[in-house]
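Keep in mind it's a predicted model, so treat the numbers as computed, not measured. Here is the naming used below: chain letters follow the sequence lines, and residue numbers restart at 1 for every chain.
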Number of protein chains: 2
Amino acid sequence: MNIGEAAKASGISRKMIRYYEEIALLQPGRTANGYRVYGPQDIHTLRFIGAARRLGFSVADVKALLALWQDRSRSSADVKRLTDGHITALRARVAELNAMIGTLETLAGACDGDARPHCPIINRIASTADPSSA
Amino acid sequence: MNIGEAAKASGISRKMIRYYEEIALLQPGRTANGYRVYGPQDIHTLRFIGAARRLGFSVADVKALLALWQDRSRSSADVKRLTDGHITALRARVAELNAMIGTLETLAGACDGDARPHCPIINRIASTADPSSA
DNA sequence: CTTGACCTTCCCATTGTGGTAAGGTTCAGG
DNA sequence: CCTGAACCTTACCACAATGGGAAGGTCAAG
């Protein structure tokens, strides 16, 4: 299987497959002419990477997960620790975004959205920014 | 006021102040020796930028907001449209993250987190990735 | 006049992804 | 046998937003 077929089989672009190889997430073989060759295990690895990425793990985390996956003597505690840290980060991010959404909804709700210039949204940003109000 | 003072007054790093100038969000003056000079209006602009960034607006959006802020004949509809689009994007992002969190919580809840290798988290990622299950 | 704290520009790194160009290979059809 | 399409390779550039650092100029206080 060459890289194009691997891309189709794994759902990961050629570009990203080469990138993952570059950062040592997988080591496909090479044919005599220099073409990369992918076996079933490589496809499985690529799909593992895709699944972990869809769960929001960073590529660095995916690298760690891959190592744990391939380590028969791993401790599930290590996987759980990594996952819990990720969940915590995701929750923090969601909290940030929700705070923004809350503020923005309030402001947008107070904005007439008509042809006149008066706008609570702009006013609020500007007054938060007003040095004389600091 | 030179850039160091402007950074303190606005809460924006020297680095970012120069970057915002580079992308034309503000045009500070220069002294004879080439030092940037910031007046009260520049500080206000920088704080406006900071306030908008804290609400999650992209720098491109901030540029648009700045233009609207400075446009006395703006329509509040334009501001609202921009804001509503941003809110929609934020909500979509939150939904994505919450979906990840939900899955991860389930998996982490089923993981013993002990010294043994058995781990539902890894298993789930690997089975999602299993080409024979596709 | 030196020293330290500024300032300037320019380049590099990050994260994850896409694009593009220049060149080699392989295969099918005429 | 030749040509063109459809692959493959490497090596760059780009994005968004931020930080780091080097090399050099400037200024104010002592």
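With rounding to whole Å, B/R54 atom CZ is found 16 Å from D/dA17 atom P. Rounding to whole angstrom units, CZ of residue A/R14 and P of C/dG19 are separated by 11 Å. When rounded to the nearest whole Å, the span between CD1 of A/I3 and P of D/dA6 equals 19 Å. Rounded to whole Å, the distance from CE on A/M1 to C1' on D/dC8 is 16 Å. In this structure, the CD1 atom of A/I49 is 15 Å from the C1' atom of C/dT17, given to the nearest Å. B/Y20 has its OH atom 13 Å from the P atom of D/dA16, to the nearest Å. Put simply, CD on B/E21 is 16 Å from P on D/dT18, counting in whole angstrom units. The nearest whole Å value for the distance from the CD atom in B/E5 to the C1' atom in D/dA28 is 13 Å.
As judged by a 4.0 angstrom heavy-atom cut-off over every strand, A/R18 is placed among the base-contacting residues.
Within the structure, a side-chain polar atom (N or O) of A/S13 is placed less than 4.0 Å from OP1 or OP2 of C/dG18. At the phosphate of D/dC8, neither OP1 nor OP2 sits under 4.0 Å from any side-chain N or O atom of A/R30.
Remark: the A/S76 side chain and the B/D112 side chain contain no N/O donor-acceptor pair separated by less than 3.5 Å.
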Verdict with supporting geometry, B/L25 and B/V59, side chain to side chain contact (heavy atoms under 4.5 Å, CB included): CA-CA 9 Å; B/L25 296 196; B/V59 173; 4.1 Å; yes
Verdict with supporting geometry, A/E21 and A/I17, side chain to side chain contact (heavy atoms under 4.5 Å, CB included): CA-CA 6 Å; A/E21 177 184 348; A/I17 293 178; 5.8 Å; no
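Rounded to the nearest 0.5 Å, atoms CD1 (A/I87) and NZ (A/K80) are 7.5 Å apart.
Annotation: of the two residues near DNA chain C, A/N33 and A/Y19, the 5′-most nearest-nucleotide partner is A/Y19. With DNA chain D read from its 5' end, the first of the two nearest nucleotides for A/N2 and B/A60 is the one closest to A/N2.
The pair A/R81-A/D84 does not count as a salt bridge, with every side-chain nitrogen at least 4.0 angstrom from each carboxylate oxygen.
With hydrogens and angles left out, the side chain of B/K15 and the base of D/dG21 share a donor-acceptor pair within 3.5 Å. Taking 3.5 Å as the limit, the base of C/dG24 and the side chain of A/Y35 contain a donor-acceptor pair of atoms between them.
In this structure, of D/dA17, C/dT9, C/dT17, it is C/dT9 that holds the atom nearest to the side chain of B/R36.
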